[in-house]
Colleague: 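Below you will find the structure I want to go over with you.
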Amino acid sequence: MRSVVSCLFIAVVAGSVGAAISQAPALYDKVSRHFVTVAADPEGFWSTPAIMGYGKMHYESDVQFKPDTTMSNKIVFQITKSEGTMKEANLGLERVARVVNLYVASGVPAEQLKFVVSVTGDATPAMLNNAQFNKIYGFDNPNLKLIDELKKSGVVVSVCDQSVAFHHYQFGWIDKSVVHALSSPTTVSTLENQGYAFLPM
């Protein structure tokens with residue numbers, strides 16, 4: 001009886017291995033497609049017309065739902081996450097830069113944009129000045145140049161002071177380019193009551 005069971009077990013294992021081997025070429029093709037080198041984009045495919053070097057975007061003129069220069073262009077963005085590596089600018093701030101670039105590329109002058117960024121939660125360290133950021137992470141804050149570029153286009157970058165307190169940061173540790181706000185929820189709700197669209201980033 002034991003030999004019959006052993007033979008059956010060997011047959012099942014051999015069948016499974018055989019099936020796996022017979023599917024190997026298809027499996028190889030499926031996996032290798034994920035590692036194929038993607039063709040390089042042509043020169044000029046991406047651009048950053050307003051926030052130089054940040055928030056790259058590709059513009060097509062013949063599309064729907066483009067920003068309208070005659071309508072309100074008021075947006076409050078909320079950034080709550082620390083994405084990517086700390087050695088690069090926060091991806092939420094990069095997305096805000098992309099929105100600015102898209103609006104400007106669509107013909108809306110930067111001076112007509114009423115954009116406010118509300119930073120809170122895990123994204124709060126991005127608001128630290130260089131001295132404090134360097135003490136904690138050992139290198140300069142990569143977000144400050146992007147914040148400066150956003151400010152040049154009239155974007156107000158604010159930090160939730162409740163998050164500053166929860167992180168045990170001192171008020172003065174926040175970079176001077178950043179506006180202190182009572183909290184992120186009150187910033188968002190106050191601006192929404194003033195007609196701002198809300199975009200979580």
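In this text the structure is predicted, and so the values were computed from the model without any measurement.
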Colleague: Between Leu146 and Leu128, is there a shared hydrophobic cluster once you connect ILVMFWY residues whose side-chain heavy atoms come closer than 4.5 Å?
Modeller: yes
Colleague: For Pro125 and Gly121, work out which heavy atoms get closest and say how close.
Modeller: CD-O, 4.4 Å
Colleague: I want to check something: taking the side chain as every heavy atom from C-beta on, are Ser47 and Lys56 in contact at a cut-off of under 4.5 Å?
Modeller: no
Colleague: Hey, does the side chain of Asp122 reach the backbone of Ser82 with a donor-acceptor pair shorter than 3.5 angstrom?
Modeller: no
Colleague: Using the ring centroid of each side chain, check whether Tyr196 and Phe115 are separated by less than 6.0 Å.
Modeller: no
Colleague: Work out which heavy atom in Ser163 is nearest to a heavy atom in Thr120; give both atom names and the distance.
Modeller: OG-OG1, 2.7 Å
Colleague: Same cluster or not: Met52 versus Val157, using hydrophobic residues (I, L, V, M, F, W, Y) connected whenever any side-chain heavy atoms lie under 4.5 Å apart?
Modeller: no
Colleague: Under a 4.5 Å cut-off applied to non-hydrogen side-chain atoms, are Val159 and Val179 in contact?
Modeller: no
Colleague: Please report the shortest heavy-atom distance between Cys160 and Ser184, naming the atom on each side.
Modeller: SG-N, 3.3 Å
Colleague: Would you kindly say whether Ser183 and Thr186 are connected by a side-chain donor-acceptor distance under 3.5 Å?
Modeller: yes
Colleague: Just verifying a value: how many Å separate Lys87 NZ and Asp140 CG, rounded to the nearest 0.5 Å?
Modeller: 11.5 Å
Colleague: Would you say that Val155 contacts Val116 through its side chain, given a criterion of any heavy-atom pair below 4.5 Å between the two side chains?
Modeller: no
Colleague: For a 4.5 angstrom cut-off between non-hydrogen side-chain atoms, does Tyr103 reach Thr69?
Modeller: no
Colleague: Are Ile51 and Val178 in one and the same hydrophobic cluster, where Ile, Leu, Val, Met, Phe, Trp and Tyr link if side-chain heavy atoms are under 4.5 Å apart?
Modeller: yes
Colleague: Under 3.5 Å, is there a donor-acceptor pair between the side chain of Asp148 and the main chain of Leu144?
Modeller: no
Colleague: Can you check whether Gln162 reaches Leu182 side chain to side chain, under 4.5 Å on heavy atoms?
Modeller: yes
Colleague: Can you find a heavy atom in the side chain of Asp175 that is under 4.5 Å from one in the side chain of Ile147?
Modeller: no
Colleague: Is it true that Glu192 and Lys74 have a side-chain N and a carboxylate O under 4.0 angstrom from each other?
Modeller: no
Colleague: Just so I know, are the side chains of Lys135 and Trp173 near enough to count as touching, which here means a heavy-atom distance under 4.5 Å?
Modeller: no
Colleague: If hydrophobic clusters are built by linking Ile, Leu, Val, Met, Phe, Trp and Tyr wherever their side-chain heavy atoms come under 4.5 Å apart, do Val100 and Tyr59 end up in the same one?
Modeller: no
Colleague: Are a donor atom and an acceptor atom from the side chains of Trp46 and Asp41 found within less than 3.5 Å of each other?
Modeller: yes
Colleague: Can Arg98 and Tyr54 be said to form a side chain to side chain contact (heavy atoms under 4.5 Å, CB included), step by step?
Modeller: CA-CA 7 Å; Arg98 181 173 297 112; Tyr54 295 98; over 6 Å; no
Colleague: Return the CD1 to CG distance between Ile174 and Asp161, rounded to the nearest 0.5 Å.
Modeller: 7.5 Å
Colleague: Measure the CD-CE distance between Glu83 and Met201 for me, rounded to the nearest 0.5 Å.
Modeller: 10.0 Å
Colleague: Looking at every non-hydrogen atom in both residues, tell me the closest pair between Thr187 and Ser158 and how far apart they are.
Modeller: CG2-OG, 4.4 Å
Colleague: ring-ring contact (aromatic ring centres under 6.0 Å, His included), that's the test. Do Phe139 and Phe133 meet it? Break it down for me.
Modeller: CA-CA 7 Å; Phe139 49 88; Phe133 195 93; 5.8 Å; yes
Colleague: Check for a donor-acceptor pair, side chain of Asn73 on one end and backbone N or O of Met71 on the other, with a separation under 3.5 Å.
Modeller: yes
Colleague: Verify whether one side chain among Asn141 and Asn130 offers a donor that lies under 3.5 Å from an acceptor in the other.
Modeller: no
Colleague: Can you list the steps and then say if Asn143 with Leu93 is a side chain to side chain contact (heavy atoms under 4.5 Å, CB included)?
Modeller: CA-CA 8 Å; Asn143 299 282; Leu93 288 173; 3.7 Å; yes
Colleague: To the nearest 0.5 Å, tell me how far His167 NE2 sits from Ile136 CD1.
Modeller: 9.0 Å
Colleague: Kindly compute the distance separating CD (Gln112) from OG (Ser72), expressed to the nearest 0.5 Å.
Modeller: 10.5 Å
Colleague: A side-chain contact here means heavy atoms from C-beta on lying under 4.5 Å apart; do Ser153 and Glu111 qualify?
Modeller: no
Colleague: Is it the case that one hydrophobic cluster holds both Val104 and Leu199, taking links as side-chain heavy atoms less than 4.5 Å apart, direct or via other members?
Modeller: yes
Colleague: What do the steps show when you test Lys151 against Ser177 for side chain to side chain contact (heavy atoms under 4.5 Å, CB included), and what is the final call?
Modeller: CA-CA 8 Å; Lys151 281 188 67 178; Ser177 62; 3.9 Å; yes
Colleague: What do the steps show when you test Val96 against Ile79 for side chain to side chain contact (heavy atoms under 4.5 Å, CB included), and what is the final call?
Modeller: CA-CA 9 Å; Val96 172; Ile79 302 174; 4.2 Å; yes
Colleague: From Glu94 CD over to Leu150 CG, what is the distance, rounded to the nearest 0.5 angstrom?
Modeller: 9.0 Å
